[in-house]
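What follows is one structure encoded as structure tokens, with my remarks underneath.
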Protein chains: 2
Amino acid sequence: MTIREVAAIAGVSPAAVSRYLNGGSLSEAKRAQIRRAIEETGYHPSAAGQMLRTGRINQIGVIVPQINSESVGEVTAGVAEKLASSKYVMILGSCALNEETELEYLQSMQANHVAGIILMGTAYSPSHAEAFQRCRVPLVVTGQKFPGVHCVYHDDFGAARELAGHMIARGHRHLGYIGVNEEDPAVGLERRRGVQAAMEEAGMDPEGLARVAGTFDPKTGETGLLQLIRQDPSMNGIICATDKIALTTMQALKRLGRRIPEDCAVAGFDDNWAGTLSEPKLTTVHFYQKQCGTEAAAMMLDLLNNGAQTPVRQTKLGYTLVERSSI
Amino acid sequence: MTIREVAAIAGVSPAAVSRYLNGGSLSEAKRAQIRRAIEETGYHPSAAGQMLRTGRINQIGVIVPQINSESVGEVTAGVAEKLASSKYVMILGSCALNEETELEYLQSMQANHVAGIILMGTAYSPSHAEAFQRCRVPLVVTGQKFPGVHCVYHDDFGAARELAGHMIARGHRHLGYIGVNEEDPAVGLERRRGVQAAMEEAGMDPEGLARVAGTFDPKTGETGLLQLIRQDPSMNGIICATDKIALTTMQALKRLGRRIPEDCAVAGFDDNWAGTLSEPKLTTVHFYQKQCGTEAAAMMLDLLNNGAQTPVRQTKLGYTLVERSSI
DNA sequence: AATGTGAATGAAATCGTTTACAACAATGTT
DNA sequence: AACATTGTTGTAAACGATTTCATTCACATT
């Protein structure tokens, strides 16, 4: 089904159909005929023809560190939801946690003439900075605040500060922190710094924070806990960089015979569903991951419509403290 | 930089350059000239032109019911992993659980000339059957066994039978089943039938199974449990269609003061991570979701290479019973 | 009545590639 | 020597969309 055939059915020229689709001056009568013809035939314009003629393609590249992760799934769902009502489709590149792949996708997607790229950020290195600068299509980064690029990110620092402040206010003043790879600015650095900021505000020494840097693997909770106890045997409050780590930590604590939260409070980030099942239920922070995806997609659509030369936009999203019973 | 310019530099016709790139008969002399011209100019053929001319595009459409779900994420990751080492990229369509969108994507992706489509199956209706038959590009369905289409699916029936058999063998002979929408053949029907098959093998009346059909929402566990108890107050074993439902059911049972598994055993499907945290730990069935994705992608690549006219292939994947302490 | 304005319209050119076709040369076969 | 066979080569016609250009027409302004 080509634009010619549709035009023939509607009794107009192919140019008129193109104008109908892309917005050009057209009488209401023809508009109606064309609408009917398109509905009748289920015509969709060929991406190939469009791309050849315009040099652009109605596809937006989405680069994610891995797909099989809850937060990534939420963001992607948000992007998909927003894009569904646009003319753009989403082409997905998963890096399988390999950092080089991220930059390769950035390259190959541009070579494939995508209209724009949404990148779920993880680590930030000089080669990232260079690749971002060199990017010839609009680029939106989610989940991280990188300098000089359009971003939609979470208030990891604020969330951590409030969470830790809450824990301190409840009397847990010997804090421990189980973190992840600090090359990830948002999850690795900001959350830890937020905790330390809360300590400072409470008149405590931020360097007194017992801490270990693990990985995103939940097992980090178990191994991390043992290291933490060695660092500070009197520790009575643990904040973990993710709920998965926190839940594993809780299990390990229980095995050691400690009561939660009386002997030691625990908290995490992400509002994982499993946190509603544990005993006690996990206090955590809810981030608006799906909204992050829709915001990023909206920003991208705006960039594509109004030209990419606008000043750098960096949107910070809020969070909600979810108080349950582990503090 | 177009094929014409390269041809001019090499002193040959554009056709010769095309033959050089795609493998046609060509003298060694011209071959060398063209090689030099291409290296000199850094020419790369335009995907748009190729696509338009050949009608094919190096993209594989993946249609999923929703992205933000663990099993979908796993399958998608498997597909992505396999595709990464091929020349194809993945274009993702998420249906947001809307069944019509599924068929719309099937349409629009074909209109966009994708090379093939991988569809994560959910419901199966006459309009699905028709759309599948009418599909002009290779189609692989995952997670469901539909007649007449290439499929990669799980042994839901066998898994349910073994799981229920296990429960019966441990003395839980008054069974209840909390299911989901039975328009989903795999999760809705096969799992329930497997349970009933096990009952029959144990000399029980399969119609004696107390059962309710809920939704994928975990809350189904709570509401379903109450209905089940009303149907059969002496019930001492519950099988749930998913782990999420099972975990909620366990919570509700505990609130009613029942001991698990002494008063009532519980089991689910999917090997959700949360099942390792609950008290008691959840007995479940592990399906190989990621493998399902890689197998489907491998099948697709094979179909694309060796022509789609091969007989219908339906690959059944295995499962592993994960015995923990809820039975 | 003459002129200017702007919207509506279709014909035709264009994008970069592949490939059917025909032409040709070089070789082997009778 | 005539003929078939094989392998190289270039020409030109697609593929399906967008967009420039020129034309028409209706209406408002002088």
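Values reported hereafter were calculated over all heavy atoms of this structure, with side chains retained and with hydrogens, waters and symmetry mates removed. Lettering of chains follows the sequences in order, A, B, ..., and the numbering in each one begins at 1. Not measured: the values here are computed from a predicted model.
- When the C1' atom of C:dT9 is taken as reference, atom OH of A:Tyr20 falls 18 Å away, rounded to whole Å.
- In this structure A:Phe287 satisfies the ring pair (Phe, Tyr, Trp, His ring centres under 6.0 Å) test together with A:His154, sequence neighbours excluded.
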Can you give each donor-acceptor pair under 3.5 Å made by side-chain atoms of residues 2-24 of chain A, sequence neighbours left out, with the distance rounded to 0.1 Å?
residue: A:Thr2; atom: OG1; partner: A:Arg4; partner atom: N; Å: 3.1
residue: A:Thr2; atom: OG1; partner: A:Glu5; partner atom: N; Å: 3.3
residue: A:Glu5; atom: OE2; partner: A:Thr2; partner atom: N; Å: 2.9
residue: A:Ser13; atom: OG; partner: A:Ala15; partner atom: N; Å: 3.3
residue: A:Ser13; atom: OG; partner: A:Ala16; partner atom: N; Å: 3.2
residue: A:Ser18; atom: OG; partner: A:Asn22; partner atom: ND2; Å: 3.3
residue: A:Asn22; atom: ND2; partner: A:Ser18; partner atom: O; Å: 3.0

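- Axis deviation across the helix from C:dA1-D:dT30 to C:dT30-D:dA1 amounts to 50°, comparing end segments of five pairs, rounded to 10 degrees.
- Look at B:Thr2 and you won't find any side-chain N or O under 4.0 angstrom from OP1 or OP2 of C:dG16.
- Rounded to an integer number of Å, the gap from A:Met51 CE to C:dG16 C1' is 10 Å.
- In this structure, B:Lys30 places its NZ atom 13 Å from P of C:dA25, rounding to the nearest Å.
- When the P atom of D:dG16 is taken as reference, atom CD1 of A:Ile57 falls 16 Å away, rounded to whole Å.
- The two residues B:Met300 and B:Ile117 have their closest heavy-atom pair at CE-O, 3.2 Å.
- Rounded to an integer number of Å, the gap from B:His113 NE2 to C:dT17 P is 18 Å.
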Note to self: For nucleotides 18-26 of chain D, give me one character per nucleotide, 5' to 3': B if any protein heavy atom sits under 4.0 Å from the base, S if the only such contacts are to the sugar-phosphate, - if neither.
What the structure shows: BB-------

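- Distance, A:Leu26 CG to C:dA7 C1': 11 Å, rounded to whole Å.
- Annotation: ring pair (Phe, Tyr, Trp, His ring centres under 6.0 Å) contacts involving residues 83-126 of chain B, sequence neighbours excluded, comprise B:Tyr124-B:Phe146.
- Take B:Glu81 and apply the salt bridge (Lys or Arg N to Asp or Glu O under 4.0 Å) test, not counting sequence neighbours, and it matches B:Lys290.
- A:Arg134 is linked by a salt bridge (Lys or Arg N to Asp or Glu O under 4.0 Å) to A:Glu130, counting only residues two or more places apart in sequence or in another chain.
- Between A:Glu5 atom CD and D:dC15 atom C1' there is a gap of 13 Å when expressed in whole angstrom units.
- When distances run from any side-chain atom of B:Ser13 to the nucleotides D:dG10, D:dG7, C:dG16, the shortest one goes to D:dG10.
- With sequence neighbours excluded, the residues that form a salt bridge (Lys or Arg N to Asp or Glu O under 4.0 Å) with A:Arg313 are A:Asp302.
- As a whole-Å value, the separation of A:Met1 CE from D:dA17 C1' is 15 Å.
- Listed pair A:Ser27 / C:dA7 fails the phosphate criterion, with no side-chain N or O lying under 4.0 Å from OP1 or OP2.
- B:Asp270 and B:Gln289 form no side-chain donor-acceptor contact under 3.5 Å, judged by distance and modelled atom types alone.
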Which pairs of donor and acceptor atoms, one on a side chain in residues 43-53 of chain A, lie under 3.5 Å apart (sequence neighbours left out)?
residue: A:Ser46; atom: OG; partner: A:Ala48; partner atom: N; Å: 3.1
residue: A:Ser46; atom: OG; partner: A:Gly49; partner atom: N; Å: 3.0

